[in-house]
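First up is the structure itself, then whatever we jot down about it.
Order of the sequence lines sets the chain letters (A, B, ...), proteins ahead of strands, with each chain counted from 1.
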There are 2 protein chains.
Amino acid sequence: MQFIIDHIDISEPLVVQFLTDLQNLMKLEHFEKNQKIHTAGSICDKIYFPQNGFLRAYYYKEDKDITAHFAGEGSSVAAIDSFIQRKKSRYNIEALEKCNAFTLSYQDIQELLAAHPVYEKYIRLFLEHIYIELAERIEDLVFNTAKERYEKLILKQPTLFQHVNLGHIASYIGISQETLSRIRAQK
Amino acid sequence: MQFIIDHIDISEPLVVQFLTDLQNLMKLEHFEKNQKIHTAGSICDKIYFPQNGFLRAYYYKEDKDITAHFAGEGSSVAAIDSFIQRKKSRYNIEALEKCNAFTLSYQDIQELLAAHPVYEKYIRLFLEHIYIELAERIEDLVFNTAKERYEKLILKQPTLFQHVNLGHIASYIGISQETLSRIRAQK
DNA sequence: GTAGTTTTTTGACATTTGTCAAATAGATTT
DNA sequence: AAATCTATTTGACAAATGTCAAAAAACTAC
């Protein structure tokens with residue numbers, strides 16, 4: 001839950017209550033390496049918070065597997081557009097390795113918010129947080145060359161490289177695996 | 001306010017009240033063509049909702065002017081990361097033509113939320129809405145070729161092309177003006 | 001430890017896009 | 001209408017990236 005706490009003033013007593021309530025709604029699930037957690041075409045009903053290991057959201061573009069998002073400890077993943085809009089998802093989610101993740105269901109969040117509307121604020125703050133992450137991602141894609149994107153990713157998520165194939169990283173930063181390989185060779 | 005209403009169930013009486021309160025906080029401002037509305041380096045204190053005409057958010061990358069976002073009627077613009085995080089903005093905002101826009105200040109929104117925490121939900125819904133727009137933008141950038149991005153933009157915002165220079169559109173879809181010109185010539 | 005599988009790298013070449021400079025077209029001002 | 005300014009297009013070439021095929025390296029399972 002670190003990522004939520006990070007952006008909220010935990011001196012508010014209400015926050016403590018909110019976090020406790022959230023914890024109680026979370027279930028710990030176990031996933032095997034390469035296990036599919038969510039499949040494109042269905043509605044995404046859960047957010048996943050990895051406790052260890054990495055999860056990956058991806059989709060297919062003309063048979064090519066493109067990574068949209070990685071989530072390790074302290075981060076989260078869901079087919080968020082599907083989760084929010086309750087419509088079919090284009091994303092798949094899979095475990096990149098044997099791991100555990102806390103899950104939080106759409107239903108449970110809605111009921112919690114309905115029961116405690118004062119918690120809306122924390123969901124808003126969470127959304128603000130992930131919105132800004134996305135905005136940074138766009139800047140990165142528009143602004144930077146492939147090489148710069150690669151170097152920024154190393155700085156920002158160094159642990160990623162011990163867990164994730166280079167092919168997935170390449171598609172995440174929007175280039176082919178071969179190009180990534182050549183960028184790496186340059187150093 | 002169309003964009004807010006679109007995504008909220010207006011049968012809730014509370015929503016009507018919320019919208020009324022928002023309206024009352026909004027101020028109508030007038031801008032001249034090419035007028036700078038917000039300057040990089042300062043904190044963005046307002047969201048702008050054009051009534052007519054187009055506004056543009058942009059930044060500089062190595063002296064090149066890059067458009068991050070267009071806003072016409074029914075849409076909105078702000079240096080949203082700055083607005084949310086209260087830190088200096090890298091974005092500039094300008095009017096692309098003589099126009100009027102409603103503005104909503106950070107201060108006023110905060111006070112409204114503090115006075116009526118039940119409204120948090122609507123801000124959350126608004127954030128969900130703009131989050132999804134951003135996610136679509138990323139997919140577009142990663143997924144599609146320059147030509148496809150151009151064609152999608154025509155479909156999605158046809159009016160844009162009557163108001164905006166091709167140079168701005170080119171930087172928005174992440175290509176040079178010359179490349180855009182060649183794409184257009186192909187048809 | 002060997003065989004088999006997957007991942008990563010490399011080579012050769014094609015394609016896309018960018019850059020710079022100049023030409024053209026379109027607007028605006030006088 | 002001419003002069004001026006701005007926006008757009010075009011040409012020539014350079015740079016970046018993609019594609020396909022094959023080799024090399026790393027990892028797995030027996």
Side-chain angles (χ1 to χ4, degrees), chain A residues 32-36 53-54 56 58-67 70 94-99 138 140-154 158-187, chain B residues 32-36 53-54 56 58-67 70 94-98 138 140-154 159-187:
Chain A
E32 292 300 322
K33 180 167 182 175
N34 295 327
Q35 183 177 340
K36 279 219 167 172
F54 272 84
R56 177 176 85 99
Y58 64 101
Y59 43 64
Y60 290 97
K61 158 87 172 172
E62 288 153 15
D63 291 346
K64 269 180 297 184
D65 164 331
I66 303 199
T67 298
F70 295 111
E94 68 175 13
L96 292 173
E97 51 205 329
K98 199 176 157 126
C99 66
I138 287 188
D140 193 39
L141 285 169
V142 175
F143 247 146
N144 299 319
T145 63
K147 189 174 181 180
E148 288 167 334
R149 295 202 293 275
Y150 170 69
E151 283 163 359
K152 291 211 168 184
L153 190 61
I154 291 180
T159 58
L160 203 60
F161 293 80
Q162 290 123 45
H163 300 263
V164 174
N165 287 348
L166 292 174
H168 295 152
I169 289 176
S171 73
Y172 179 71
I173 59 180
I175 58 178
S176 70
Q177 168 151 348
E178 293 91 335
T179 298
L180 177 57
S181 180
R182 287 179 182 115
I183 286 169
R184 286 160 59 85
Q186 279 175 37
K187 308 213 93 177
Chain B
E32 291 300 322
K33 179 167 183 177
N34 295 326
Q35 183 178 340
K36 280 218 167 173
F54 273 84
R56 175 176 88 98
Y58 64 101
Y59 42 63
Y60 291 98
K61 157 88 172 171
E62 291 153 13
D63 291 346
K64 269 179 298 186
D65 165 330
I66 303 198
T67 298
F70 295 111
E94 69 175 14
L96 291 173
E97 50 205 330
K98 198 173 157 128
I138 287 189
D140 193 38
L141 285 169
V142 175
F143 246 143
N144 300 319
T145 63
K147 188 173 180 179
E148 288 167 334
R149 294 202 293 276
Y150 170 70
E151 283 163 359
K152 290 211 169 184
L153 190 62
I154 291 179
T159 58
L160 203 59
F161 293 79
Q162 289 124 45
H163 299 264
V164 173
N165 286 349
L166 291 175
H168 294 152
I169 288 175
S171 73
Y172 179 72
I173 60 180
I175 57 177
S176 71
Q177 168 151 349
E178 292 91 334
T179 298
L180 177 58
S181 179
R182 286 178 183 116
I183 286 170
R184 287 160 57 85
Q186 279 175 39
K187 309 213 96 180

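- The aromatic rings of A:Phe54 and A:His163 sit tilted, their planes meeting at an angle between 30° and 60°.
- In this structure, A:Lys33 reaches neither bases nor backbone, as no heavy-atom distance under 4.0 Å exists between it and the strands shown.
- Between B:Tyr58 and B:Thr67, the closest heavy-atom pair is CB-CA, 3.9 Å.
- What separates CD of A:Gln186 from C1' of C:dT9 is a distance of 14 Å, to the nearest Å.
- Residues A:Ile66 and A:Lys61 approach most closely at CD1-CB, 3.8 Å, considering heavy atoms.
- Rounded to whole Å, atom P of D:dT8 lies 11 Å from atom CZ of B:Phe161.
- A distance-only check finds no donor-acceptor pair linking the side chain of B:Glu151 to the backbone of B:Glu148 [under 3.5 Å].
- A perpendicular orientation is assigned to the rings of B:Phe161 and B:Tyr150, their planes being inclined by more than 60° (bins at 30° and 60°).
- B:Gly167 approaches B:Gln177 most closely through the heavy-atom pair CA-OE1, 3.1 Å.
- Checking D:dT9, C:dG18, D:dA7 against the side-chain heavy atoms of B:Arg182 singles out C:dG18 as nearest.
- Across the protein-nucleic acid pair, A:Glu148 atom CD and D:dA16 atom P stand 11 Å apart, rounded to whole Å.
- Residues A:Glu32 and A:Asn34 have side chains not in contact (no heavy-atom distance under 4.5 Å, counting atoms from C-beta outward).
- DNA chain D lies under 4.0 Å from at least one heavy atom of each of the following residues of residues 166-178 of chain A: A:Gly174, A:Ile175, A:Ser176, A:Glu178.
- Between B:Ile173 and B:Ala146, the shortest heavy-atom contact is CD1-O, 4.2 Å.
- Candidate nucleotides C:dT17, D:dT8, C:dT9 were compared by shortest atom distance to the side chain of B:Thr179, and C:dT17 ranks first.
- If you measure from atom CD of B:Glu97 to atom P of C:dT28, you get 13 Å, rounded to the nearest angstrom.
- Atom-to-atom, NZ of A:Lys147 to P of D:dA16 comes out at 10 Å; the value is rounded to the nearest Å.
- As a whole-Å value, the separation of B:Arg184 CZ from D:dT8 P is 8 Å.
- Taking only side-chain atoms of B:Asn165, from C-beta outward, the nucleotide of D:dT8, C:dT17, C:dT9 with the closest atom is D:dT8.
- Here the side chains of A:Arg56 and A:Val164 are not in contact, with every heavy-atom distance at 4.5 Å or above.
- Note: NE2 (A:His163) to P (C:dT7) measures 16 Å, nearest angstrom.
- Nucleotide C:dG18 holds its C1' atom 13 Å from the CD1 atom of B:Ile66, rounded to whole Å.
- Direction change of the helix axis from one end of the helix from C:dG1-D:dC30 to C:dT30-D:dA1 to the other is 40°, with five pairs defining each end axis (rounded to 10°).
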